[in-house]
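Just so we're clear, the structure is a prediction, and the values are computed from it rather than from any experiment. We number each residue from 1, following the sequence as shown. Numbering of ligands and ligand atoms starts at 1, following listing order.
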Amino acid sequence: MKSSFLIASTLMIVLNCMGQVQKRPLSIIPEPVSVVEKQGVFILQNNSVITVPNNPELKTTVDFLQAKLSTATGYKFIINRTNSSSAKIHLELNKTRNKELGDEGYTLSSTAQKITISANKPAGLFYGVQTLLQLLPPEIESKTIVKNVKWQIPAVEIKDYPRVGWRGLMLDVSRHFFTVKEVKQYIDAMVRYKFNMFHWHLTDDEGWRIQIKSLPKLTEVGAWRVEKIGNFGEFSNPLPDEPKNYGGFYTHEDIKEIIKYAEERFVKVMPEIDVPGHSLAAIASYPELSCTEGADKYNVRAGEPIMDWSHGAPPIAMLDNTLCPANEKVYDFLDKVMTEVASLFPFEYIHVGGDEAPHNYWEKNDQVKALMKREGLKTIPQVQAYFEKRLEKIINAKGKKMMAWDEVLEGGVNESTAVMSWRGMKYGIDASKEGHFVVMAPNDYVYIDLMQGDLATDPPVYATVRLSQTYKFNPVPKEANAKFVLGGQGNLWTEQIYNIRQAEYMTWPRGFAIAESVWSPEGKKNWNRFIEKTEVQFKRMDNAHTKYSPAMYDPIVRVTKKDDKYFVNLSTEIDGLDIYTSFDNSTPDNFYPKYKEPQLIPKDADLIRIITYRGNQPVGRLMTISVPDLKKRAR
Ligand code: ACM
């Protein structure tokens, strides 16, 4: 009795210890609705059976799972259409709808014997699969076979469903062009975090990227510009002898390919055709769309200044980048464009931009003045509303609904126009109360083109939105009429983003914060846990070859001025980091004095170097900032 007790308890201790060694804290992003951890682990084995009902809608999900598991492990998985007792991973659609889960929720149960994912609809199973992958080690994202795989999945009971139905990211492919392969790569990263909406910003001053067969010049002329590299927005004007060979466009076949790829991953694709402003590429192709003389000399913008924002919004345009609202040819043009867009994109909404249309050319234009008189329009925003209402009719006639940026509210558009609130939450809140459907994409939380780190490491953009700020995003604020809030999304404008690696760097980890804001229950958000999970996700990103920004480890540098003295104030965005500095041009390490209080910039210093450590490990990037640059930051 005594000895068997001893053996049993020794075994327990050994097993427990094994468990302890192996056990990783769960690091699922976005945080599920409920997770109950159990005793035991499931061990992933070669030749395991995956069962899935014989339903063509589930094919892509099971293919996705099989490909992912096999690529990293080298194992074979046997797909079975009936739930045999030998099944190790079982996907099932609920026979009776589980109301709580809705169309995108799922339950995941793992025991030592078996993993079962259940959902009402295929999308739920896909999200359950994403969670399952996050229960495996980060190496599951590896693109090649990982050696010595002995992977365990902890025993858990998970119930999960999204907070909102619209969980999006926008990619601007106009300012810089991204190939079909790169767009797919962007979508691949999105789906790991249960995003379901890809907003494709296809046209702007810097390039028209969608083939319109009835308007060939849009892509013969409008898709190409002079290539410039540096600080976009400050470039010199393109010269006649500079080749216009930068750009590209998507053919109808490319677009169908992307839509299919996204749909197989339960991502909808919303096209954006940005009018009446942001239309220089269209005007360079068809100058008759403008009502300003000289438009036939316009070029697709290459990053030279065209708007003066020094007076605030709306900007003063230095050239007229608007489609003329008083020109019937414009509505014929839009009809042709929307015919092809509507036939290509299955999604119910077409986004028509409507942002930042300058007033100054319309104010002085005789055709616009005549239109105002004829239609009884008192203000320029009303002129824009006239344009938007006509455009909405065109779009409705193609069987689609219209969405636009929040500026369109100013002149009074139809209630049926859905609104994307970007100038903060206010417009979205007000619009939801007026009965417009709304997507929240406020620039002060989810504009992921804005800097997340310091100027010493990131390209200059006019403002900063750090990860901690993005994490505060609440897509359904209590002031809004929640019934009309479709959801939320992050926006990646690409003026300063020249390649897909930088697009990823700007998106992640802020994309994690957006994912958790739009999926997880508000009360489940927890900044410190989020950071722990983010660090695990970084390892997944490394394996997936997806770039991300480590800015959360870097010091935050502020400068204050008192009398004629300047002080450097340092802090960190996340807990547990120490900061070390030098003004003597040397590289500081953790044996330098730890930063404790604002540091006076020594009179003759040239620069500061700053680095953060966690214990004895450097974690932040070494930042070097010259004293003149520090002084420019003084408040
Ligand atoms: C926008 O950021 N102009 C919608």
Sequence neighbours left out, cut at 3.5 Å: what donor-acceptor pairs do the side chains of residues 290-299 make with other protein atoms?
{"unit_1": "S290", "atom_1": "OG", "unit_2": "T292", "atom_2": "N", "d": "2.9"}
{"unit_1": "T292", "atom_1": "OG1", "unit_2": "D320", "atom_2": "OD2", "d": "2.6"}
{"unit_1": "Y298", "atom_1": "OH", "unit_2": "D320", "atom_2": "N", "d": "3.0"}

Item to check | Close aromatic pair by centroid cut-off 6.0 Å: W224 and Y246 | outcome: no

Item to check | Closest protein heavy atom (residue, atom, distance) for atom 2 (O) of ligand 1 | outcome: Y447 OH, 2.7 Å

Next on the checklist: Pair K400, E348 - check salt bridge (charged side-chain N to carboxylate O under 4.0 Å, His left out), show working.
Outcome noted: CA-CA 5 Å; K400 299 290 181 187; E348 60 189 315; over 6 Å; no

Next on the checklist: Ring centroids only, cut at 6.0 angstrom: are W493 and Y462 within range, meaning strictly under it?
Outcome noted: no

Checklist entry - Angle class for the F345/W200 ring planes (parallel below 30°, perpendicular above 60°, tilted otherwise)? => result perpendicular

Next on the checklist: Can you confirm, on distance only, whether ligand 1 has an N/O atom lying under 3.5 Å from any N/O atom belonging to D355?
Outcome noted: yes

Checklist entry - Is the shortest N/O to N/O distance between W405 and ligand 1 below 3.5 Å? => result no

Next on the checklist: Counting only heavy atoms closer than 4.0 Å, does ligand 1 sit against the backbone of M420, its side chain, both, or neither?
Outcome noted: neither

Item to check | Enumerated ligand 1 atoms positioned under 4.0 Å from heavy atoms of W493 | outcome: 1 (C), 2 (O), 4 (C)

